[in-house]
Enquirer: 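Structure in structure tokens, see below.
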Amino acid sequence: MVIRLLILLLLLAAPARAEDSLRLVLPEGRPVVGEMIRLTVRGEYDGFIALEDMTFPDSAAYDWMQLLPDDWRDERVNGVQRRVFERQIAIFPRKPGNLVIGPVSHHLTKAEGATRREMVVEAPPVTIAIGPYPAPGLPLVARNLKVTDELSDDPAHIRDDQTIHRRITITAENTMAHLLPPRPDLREKWLISFTSPEKRETRLTEKGPLAFVEWEWSLRPITGEQGTLPPIRFSWFDLAKREMRGSITQPVIFGYGQLGANIGGSTGPVSRWSLIGVVAAGAALALGLALRGQGLRVPDWRRWLPNPHSGALRKAAAEGDLLELRRVALEYAGHEKRFGRAVDPAPLRRLDASIFAAEGNDLDRAVFVRELSGR
């Protein structure tokens with residue numbers, strides 16, 4: 001009788017066997033759309049775990065990424081030795097409202113002597129309220145966002161044949177690369193520009209994700225007038241101050257020394273054939289207007305006249321000034337299109353590529369003129 005009582009007391013004094021458990025742990029606070037939420041998936045198990053597999057669920061309501069490798073350790077929980085599992089997940093909500101995360105299932109294979117036992121432990125879903133992004137436009141929520149704007153040379157003292165390379169870089173903590181702004185558009189009538197492939201990536205650091213994007217342009221003015229690229233503004237929600245902030249690049253002013261004739265200036269002496277073409281076009285126009293005044297409908301005879309820019313096109317090709325050649329070629333192509341004649345764009349693309357060639361150019365100017373004029 002005494003022995004049975006002792007055994008009963010020992011059983012009552014021994015800690016109860018804890019069940020395996022898995023749960024999702026969310027931080028306190030009310031995040032906004034696009035803000036990183038650090039979620040912890042925590043499991044507490046007993047026994048020896050030989051194999052395990054857990055896949056975090058995708059959702060149209062959020063983006064996510066794993067921040068650190070899984071952490072397995074032994075830990076005493078409520079006086080009981082447990083095998084603890086933790087996975088750190090960053091959640092980026094895409095819209096306001098109640099965000100539901102989960103459920104999450106952890107597939108385990110436990111070793112019990114020579115046998116293996118498979119089981120699934122599930123964490124119930126959790127809900128967190130997401131506030132709206134506090135500004136119009138695409139949401140960008142970050143910490144320590146930095147914008148750098150670099151130029152290869154001083155554009156205020158650009159040479160006639162010089163190309164300026166511009167590089168804008170954005171880095172931001174606690175966000176993902178695809179949430180950074182799209183590439184700005186640097187189009188101006190007085191400027192031709194080529195864009196290099198965009199570099200965009202998310203880098204994992206000890207502080208969390210670091211988003212990075214880099215844009216590069218090759219810029220060259222095509223007129224003799226001063227031009228200015230306006231400032232570019234980037235706005236984001238600052239996680240440290242919980243308020244909207246902005247970063248503005250400086251305007252880029254292009255100045256010239258002795259740049260060739262501008263678009264509004266003279267192209268030099270025109271050829272005899274160009275003058276003939278202009279005079280003939282004027283005569284045809286006068287005749288057409290006179291006939292229309294008499295109530296007659298006549299065709300536009302100018303479409304059969306030579307292109308008045310043909311002579312200037314051949315002259316620019318012979319002189320070898322590619323910028324002047326491009327200007328005249330655009331005038332030639334514009335005249336052809338106005339009268340319904342097709343122009344092959346391929347020669348113009350090859351001309352632009354030659355203008356920006358790093359080492360010389362291999363453009364055959366005579367072939368360029370023949371192809372552009374369809375001969």
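Nothing here was measured: the structure is a model prediction, and the numbers come from that model.
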Enquirer: Do I49 and F85 come within less than 4.5 Å of each other through their side chains, counting heavy atoms only?
Expert: no
Enquirer: Under 4.5 Å between any side-chain heavy atoms of L138 and Y133, yes or no?
Expert: no
Enquirer: For L39 and W64: C-alpha separation, side-chain torsions, deciding distance, then whether side-chain contact (heavy atoms from CB on, under 4.5 Å) applies.
Expert: CA-CA 10 Å; L39 169 75; W64 71 273; over 6 Å; no
Enquirer: For the side chain of T163 and the backbone of R220, is there at least one donor-acceptor N/O pair under 3.5 Å apart?
Expert: no
Enquirer: Rounded to the nearest 0.5 Å, what separation is found between the CH2 atom of W215 and the NZ atom of K199?
Expert: 14.0 Å
Enquirer: Can you find a side-chain donor-acceptor pair between D149 and Q250 that sits under 3.5 Å?
Expert: no
Enquirer: Taking the side chain as every heavy atom from C-beta outward, state whether R350 and V367 have any pair of such atoms under 4.5 Å apart.
Expert: no
Enquirer: Indicate if V120 and L22 have the same hydrophobic cluster label, given that clusters are the connected sets of ILVMFWY residues with side-chain heavy-atom separations under 4.5 angstrom.
Expert: no
Enquirer: Can you tell me which residue among I253, L219, V252 is in a side-chain contact (heavy atoms from CB on, under 4.5 Å) with P155?
Expert: V252
Enquirer: Do L145 and R245 come close enough that some side-chain heavy atom pair is under 4.5 Å?
Expert: no
Enquirer: Stepwise, does the side-chain contact (heavy atoms from CB on, under 4.5 Å) test hold for D344 with E371?
Expert: CA-CA 8 Å; D344 185 2; E371 291 181 344; 5.6 Å; no
Enquirer: How far does CG of N98 sit from OG1 of T127, to the nearest 0.5 angstrom?
Expert: 6.5 Å
Enquirer: Through direct or indirect side-chain contacts below 4.5 angstrom among Ile, Leu, Val, Met, Phe, Trp and Tyr, which residues connect to M176?
Expert: M36, M65, L67, L68, F92, L179, L204
Enquirer: Locate the shortest heavy-atom distance separating G79 from R76; write the atom from each residue and the value.
Expert: O-NH1, 2.8 Å
Enquirer: Same hydrophobic cluster for I130 and I89, using side-chain heavy-atom links shorter than 4.5 Å among ILVMFWY?
Expert: yes
Enquirer: From E216 CD over to R183 CZ, what is the distance, rounded to the nearest 0.5 angstrom?
Expert: 9.0 Å
Enquirer: State, with a plain yes or no, whether a side-chain heavy atom of P134 is found less than 4.5 Å away from one of F237.
Expert: yes
Enquirer: Within the 4.5 Å heavy-atom criterion, are I222 and R327 side-chain neighbours or not?
Expert: no
Enquirer: Tell me whether R94 contacts the main-chain N or O of A60 through its side chain, where contact means a donor paired with an acceptor under 3.5 Å.
Expert: yes
Enquirer: Roughly how far, to the nearest 0.5 Å, is OG1 of T55 from NE2 of H106?
Expert: 9.5 Å
Enquirer: May I ask you to check whether H107 and E118 show a side-chain donor-acceptor distance below 3.5 Å?
Expert: no
Enquirer: Checking E75 against R82 for the salt bridge (charged side-chain N to carboxylate O under 4.0 Å, His left out) test, could you report, in this order, the C-alpha distance in whole Å, the side-chain angles of both residues, the deciding distance, and whether it holds?
Expert: CA-CA 5 Å; E75 184 178 316; R82 309 299 302 277; over 6 Å; no
Enquirer: Begin from the C-alpha positions of R242 and E35 and carry the test side-chain contact (heavy atoms from CB on, under 4.5 Å) through to its verdict.
Expert: CA-CA 11 Å; R242 307 296 300 181; E35 180 175 349; 2.8 Å; yes
Enquirer: Taking all heavy atoms of L372 and all of P347, pick out the closest pair and write down the distance.
Expert: N-CG, 4.2 Å
Enquirer: Quick one, L313 with L325, criterion side-chain contact (heavy atoms from CB on, under 4.5 Å). Give me CA distance, side-chain angles, the key distance, then yes/no.
Expert: CA-CA 7 Å; L313 182 67; L325 179 59; 3.9 Å; yes
Enquirer: For the backbone of L180 and the side chain of R200, can you confirm whether one donor and one acceptor N or O come within less than 3.5 Å of each other?
Expert: yes
Enquirer: Grab the two heavy atoms, one from L363 and one from F368, that are nearest each other, plus how far apart they are.
Expert: CD1-CB, 4.4 Å
Enquirer: Tell me whether R143 is salt-bridged to D238, with the criterion being a basic N under 4.0 Å from an acidic carboxylate O.
Expert: no
Enquirer: Check for a donor-acceptor pair, side chain of D20 on one end and backbone N or O of D46 on the other, with a separation under 3.5 Å.
Expert: yes
Enquirer: Please say yes or no: joined through hydrophobic side-chain contacts below 4.5 Å, possibly via intermediate residues, are L351 and V328 part of one cluster?
Expert: yes
Enquirer: If you take all heavy atoms of W72 and R83, which pair is closest and at what distance?
Expert: CB-NH2, 3.7 Å
Enquirer: Assigning hydrophobic clusters by single linkage (Ile, Leu, Val, Met, Phe, Trp, Tyr; side-chain heavy-atom cutoff under 4.5 Å), is Y45 placed with F48?
Expert: no
Enquirer: To the nearest 0.5 Å, what is the distance between CG (L26) and CD (E28)?
Expert: 10.5 Å
Enquirer: If the threshold is 4.0 Å, N to carboxylate O, is there a salt bridge linking R42 and E44?
Expert: yes
Enquirer: Is E324 salt-bridged to K315, going by a charged N under 4.0 Å from an acidic O?
Expert: no
Enquirer: Using side-chain heavy atoms (C-beta onward) and a distance below 4.5 Å, is L239 in contact with V141?
Expert: yes
Enquirer: Taking atom CZ of R73 as the centre, does the number of heavy atoms from other residues, nucleotides or ligands within less than 6.0 Å exceed 12?
Expert: yes
Enquirer: What pairs of donor and acceptor atoms, side-chain ones from residues 228-236 against any protein atom, are under 3.5 angstrom apart with sequence neighbours left out?
Expert:
from, atom 1, to, atom 2, distance (Å)
R233, NE, S235, OG, 3.3

Enquirer: Do M244 and L140 land in one hydrophobic cluster if side-chain heavy atoms of ILVMFWY residues count as linked below 4.5 Å?
Expert: yes
Enquirer: Once you round to the nearest 0.5 Å, how far does CD1 of I170 lie from OG of S247?
Expert: 8.0 Å
Enquirer: Are any non-hydrogen side-chain atoms of V104 and P57 less than 4.5 angstrom apart?
Expert: yes
Enquirer: Whether E112 and K110 form a salt bridge (side-chain N of Lys/Arg under 4.0 Å from carboxylate O of Asp/Glu) is what I want to check.
Expert: no
Enquirer: How close do A142 and A172 get, counting heavy atoms only, and between which atoms?
Expert: CB-CB, 3.7 Å
Enquirer: Between N174 and G208, which heavy-atom pair has the shortest distance, and what is it?
Expert: OD1-CA, 4.4 Å
Enquirer: Is there a donor-acceptor pair closer than 3.5 Å between any side-chain N or O of R87 and the backbone N or O of F56?
Expert: no
Enquirer: Which residues satisfy the ring pair (Phe, Tyr, Trp, His ring centres under 6.0 Å) test with F212, sequence neighbours excluded?
Expert: none
Enquirer: Do E52 and T109 get their side chains close enough for a donor-acceptor pair, meaning under 3.5 Å?
Expert: no
